[in-house]
Amino acid sequence: MTGGFGPTTVMRRLDWASPPPRVHREVLSALPAEPTGKPPLLFVHGVAHGAWCFAEHWLPAAAERGFPAYAVSLRGHGGSGGARRLGRTTMREYVHDVLQTIAELPSRPVLVGHSMGGLIVQLVLERYQAKGGVLLAPAPLHGGARAFLSLAKDRPAQALRTAVGGTLPMTPEVLFEGLDPAEGERLSGRTGRESPIAQWQLLFPRTTGPIRTPVLVVGTPDDRLVPLADVERTARRYGVEPLLFPGIGHDLMLDAGQDGVLAAVLDWVDTL
Amino acid sequence: MADIGPGIEERAGAYAVIGAGMSGLASLKALLEAGFDADCYERESEVGGNWNIDARNSRIYRSIHLISSRPFTQYPDFPMPDTFADYPSHTEVLGYFKRYADHFGLREHIAFDHDVLRVEPVDGGARWDVTAEGPEGAPRTRRYDGVLIANGHNWSPKMPAYEGLDVFSGTVLHSKDYKDSDVLRGRRVLIVGGGNTGCDLAVEGAQNAAATYHSTRRGYYYNPKFVGGRPSDQVNDTLLMLRIPLAVRRLMYKATLRATVGSFDKLGLQKPDHEFGETHPVANSLLAYYLGHGDIQPKPEIRRFTAEGVEFTDGTSADVDVVVFCTGYLATFPFLADEHLNTADGRPRLYQNEFTPRHDNLFVVGLHQPDSGTFCLSHWQAVAAVRYLEAKRDRPEAARAFRAQVAAETDRQFTGGMRFTDSTRHYFEIAHQDFLAGVEQTIHQLEGAR
């Protein structure tokens with residue numbers, strides 16, 4: 001194991017004293033026609049997205065390749081409940097939502113987290129040993145200061161709005177590189193709001209206990225939200241080389257070329 | 001498989017787990033997760049141990065629910081569904097264990113319907129021979145690198161002796177044989193014991209029997225299951241999180257009890273002869289309710305039984321048809337010689353209720369009576385055992401240092417400042433957070449700097 005991991009956290013006093021409130025949880029899925037013996041995949045979305053962003057292409061495509069594929073909408077997102085409490089929702093509650101979903105699956109899944117979902121997956125992996133973990137353009141565990149500064153340079157007005165609690169910009173220019181404008185508008189129009197607390201939490205560095213799950217890190221040099229240097233640093237933490245897809249935007253599962261990304265992810269999963 | 005003796009099967013590199021209840025499942029999972037080979041022996045044909053109500057050795061009854069709420073109780077890496085009640089029923093709990101076993105692929109490593117007869121050291125404990133009897137008949141012996149014992153401590157009944165019990169003409173039961181209220185319906189009932197089972201059964205008596213007498217040796221604190229609409233253990237964990245000192249917490253508990261249950265004296269109960277928290281907590285909101293309705297008549301200790309009924313130490317008597325002794329269970333390890341668990345006066349003396357100073361490849365998981373849930377504690381005990389095995393393999397100097405500590409601090413208590421009443425059911429009583437912080441320390445120590 002490489003450096004950067006703290007000791008195992010056993011004492012979780014806040015979770016014992018005050019568990020997150022129960023909300024309805026949306027889990028979308030696409031299953032292979034016949035059982036294939038392949039591990040289930042559980043996709044976790046990022047800021048202001050929902051399970052829908054994986055249902056668009058990846059769930060059916062993964063099922064086609066024999067994987068039972070699931071995607072969860074974190075509370076306050078997509079078709080899950082909790083929208084009214086979104087303003088008070090914290091990262092801890094998102095971690096809870098993912099652990100709850102895992103416990104419903106028939107066997108140990110491979111967790112695939114995108115952006116903020118990539119950070120959540122790392123926080124889950126310190127508690128739960130999954131079959132594998134895939135981090136797509138992950139929000140960095142070492143804190144999003146660099147990402148925020150780069151956003152402030154490119155889009156000062158939007159950065160300021162985010163700093164005071166607005167949702168990060170989810171416009172087609174930010175999310176996509178090669179999508180035709182109408183499709184970009186349609187998909188970006190499906191994004192919602194994000195919890196300002198969760199967004200602020202993205203800025204601060206964290207550490208995790210030992211992670212014993214094999215991890216794949218995927219990124220793109222053309223990401224306008226998560227800088228390449230952050231993706232590379234995340235990969236170093238796990239002692240792996242990041243898999244890079246130039247020409248694709250931050251939303252690797254929606255942008256043109258997404259099929260190549262999924263194929264590479266599933267090829268890696270097949271080696272586990 | 002190499003043959004090393006008449007009929008002994010070599011299981012080099014593998015560990016045996018005894019029991020597939022809440023502690024055995026966690027132990028088996030922790031071993032497999034870390035890449036160790038393991039066989040688990042379970043005498044029933046399903047997982048769940050005590051929570052498998054159809055099992056011969058299950059001691060639970062149809063109305064039972066957890067007395068601690070989900071957040072602390074559950075396995076930390078496999079939470080109970082949010083759709084469960086705050087205090088799940090035994091059917092929910094058993095379903096949870098089944099899904100845990102399936103999710104982590106444990107079943108193929110469990111020998112169901114196998115009764116462990118003997119666990120014996122080879123070469124002074126370098127290896128261990130586990131002899132078990134399965135449905136095929138003849139006992140078989142396998143040789144392991146070590147054993148994790150998770151046989152539970154709530155199955156071997158403790159039965160008190162009373163003068164006249166042999167002449168009593170009514171029905172006498174231990175709660176181990178109590179499954180539902182049919183046996184109480186319409187009859188005059190004496191429930192003996194102020195623990196959680198005793199209180200549950202007194203309530204069932206109030207709801208079903210013609211008359212219910214509840215005999216307790218001492219006064220206890222009967223805690224409501226909810227305070228201010230929240231499960232009371234979560235309220236307690238909030239106070240612990242805020243690091244409120246024990247003395248202040250006790251004042252707050254007593255104030256809460258006065259506000260919710262009221263005065264014990266007024267209900268006719270004995271005043272507790274001990275401080276709050278010094279006996280295993282009783283969580284029961286209904287006992288006080290039925291006392292207040294006169295449907296339960298509180299009684300002190302029994303003096304003797306007569307043919308028709310019972311006499312109490314306060315001079316009163318009652319005619320009863322049924323007596324249920326809710327007098328608890330004893331921890332026993334019938335397959336293992338006492339010395340291996342460092343047993344003195346019938347009590348195993350183990351570091352953190354888990355590590356015996358006698359052997360470094362023999363562990364007990366689940367020998368704890370916390371003031372909260374248990375699955376979480378067994379999970380981390382199992383992780384601690386496995387971290388020790390890893391340290392022994394990868395970092396022998398850290399493992400040796402830990403062994404020295406096990407020997408030196410065997411009797412260290414994790415009671416959060418409480419002085420528990422001394423009895424057979426209290427010697428492994430622990431304060432959940434204090435104990436778990438100790439287990440966390442062990443895990444950190446064995447993980448070392450990576």
Side-chain angles (χ1 to χ4, degrees), chain A residues 1-25 27 37 39-40 42 75 80-82 92-93 95-109 111 123-131 207-213 237 239, chain B residues 29-30 32-35 68-84 86 96 99-100 102-105 230-231 233-243 372-373 376-377 379-380 383-384 387 432-433 436-450:
Chain A
M1 191 155 304
T2 49
F5 295 91
T8 298
T9 302
V10 172
M11 303 299 283
R12 296 198 182 272
R13 293 187 173 87
L14 181 59
D15 286 348
W16 302 331
S18 180
R22 160 180 153 192
V23 297
H24 166 71
R25 202 166 46 248
V27 178
L42 176 58
R75 61 185 60 210
S80 285
R92 171 174 90 96
E93 292 165 274
V95 169
H96 173 92
D97 291 343
V98 175
L99 279 168
Q100 282 278 317
T101 312
I102 289 173
E104 287 173 8
L105 298 177
S107 61
R108 278 185 210 268
L111 302 177
L123 298 176
V124 168
L125 289 180
E126 74 161 336
R127 301 189 186 201
Y128 173 91
Q129 191 172 325
K131 176 96 175 154
T207 185
T208 68
I211 287 179
R212 294 167 161 245
T213 304
R237 180 170 199 261
Chain B
K29 195 216 78 175
L32 296 172
E33 199 168 70
S68 53
S69 72
R70 285 186 282 117
F72 185 86
T73 307
Q74 66 201 358
Y75 295 121
D77 60 348
F78 195 78
M80 293 188 196
D82 276 347
T83 48
F84 273 22
D86 285 323
Y96 173 68
R99 284 192 302 103
Y100 181 87
D102 292 333
H103 181 93
F104 291 113
R230 292 179 62 207
D233 59 342
Q234 293 175 27
V235 176
N236 182 28
D237 280 339
T238 305
L239 301 182
L240 288 171
M241 181 177 70
L242 300 174
R243 298 184 192 276
S372 186
C376 167
L377 298 176
H379 167 94
W380 289 114
V383 170
R387 291 292 170 273
H432 69 298
Q433 289 209 11
L436 200 51
V439 177
E440 181 179 58
Q441 194 85 56
T442 294
I443 290 170
H444 290 177
Q445 197 176 334
L446 294 168
E447 275 173 349
R450 278 163 187 274

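Quick note: numbers below take in every heavy atom, side chains included, and nothing from hydrogens, waters or symmetry partners. Worth saying up front: this structure is predicted, and the values here are computed from it rather than measured. Numbered from 1 within each chain, the chains take letters A, B, ... in sequence-line order.
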Exercise for the section: Kindly compute the distance separating CZ (Phe78(B)) from CD (Glu104(A)), expressed to the nearest 0.5 Å. Expected result: 9.5 Å
Practice task
Under 4.5 Å, counting heavy-atom pairs only, tell me which of His96(A), Arg127(A), Met11(A) racks up the most with chain B.
Solution key: Met11(A)
Problem - Side-chain (Arg22(A)) to main-chain (Pro81(B)) donor-acceptor, under 3.5 angstrom - result: no
Handout entry: N/O donor-acceptor pair under 3.5 Å between Gln234(B) side chain and Asp15(A) backbone
Key = no
Exercise for the section: Name the member of Leu239(B), Asn236(B), Thr238(B) that forms the most heavy-atom pairs with chain A at distances under 4.5 Å. Expected result: Thr238(B)
Problem - Donor-acceptor pair, side chain of Arg99(B) and main chain of Ala103(A), under 3.5 angstrom - result: yes
Problem - Closest contact, heavy atoms only, Tyr128(A) versus Asp77(B) - result: CD1-O, 3.2 Å
Practice task
Kindly check if the number of other-residue, nucleotide or ligand heavy atoms within 6.0 Å of CD (Gln441(B)) is above 12?
Solution key: no
Problem - Spacing of Arg12(A) atom CZ and Phe72(B) atom CZ [to the nearest 0.5 Å] - result: 13.0 Å
Problem - Closest contact, heavy atoms only, Pro7(A) versus Glu447(B) - result: CA-OE1, 3.7 Å
Practice task
Measure the spacing between NE2 of His444(B) and OG1 of Thr8(A) and express it to the nearest 0.5 Å.
Solution key: 5.5 Å
Exercise for the section: Could I get the full list of side-chain contact (heavy atoms from CB on, under 4.5 Å) partners for Ser68(B), not counting sequence neighbours? Expected result: Thr73(B), Asp233(B), Ser372(B)
Problem - Side chain / backbone / both / neither for Arg25(A) at chain B, heavy atoms under 4.5 Å - result: side chain
Exercise for the section: Pick one of side chain, backbone, both or neither for Ile443(B), based on which atoms fall under 4.5 Å of a heavy atom in chain A. Expected result: side chain
Exercise for the section: With the side chain counted from C-beta on, respond yes when Arg70(B) and Pro19(A) share a heavy-atom pair under 4.5 Å apart, and no when they do not. Expected result: no
Practice task
Could you tell me whether the side chain of Val439(B) reaches within less than 4.5 Å of the side chain of Val10(A), counting heavy atoms only?
Solution key: no
Practice task
Using a cut-off of under 4.5 Å on heavy-atom pairs, state which of Met241(B), Glu33(B), His379(B) scores highest against chain A.
Solution key: Glu33(B)
Exercise for the section: Could you tell me whether the side chain of Lys29(B) reaches within less than 4.5 Å of the side chain of Gln129(A), counting heavy atoms only? Expected result: no
Handout entry: Part of Gln74(B) within contact of chain A (heavy atom distance under 4.5 Å)
Key = neither
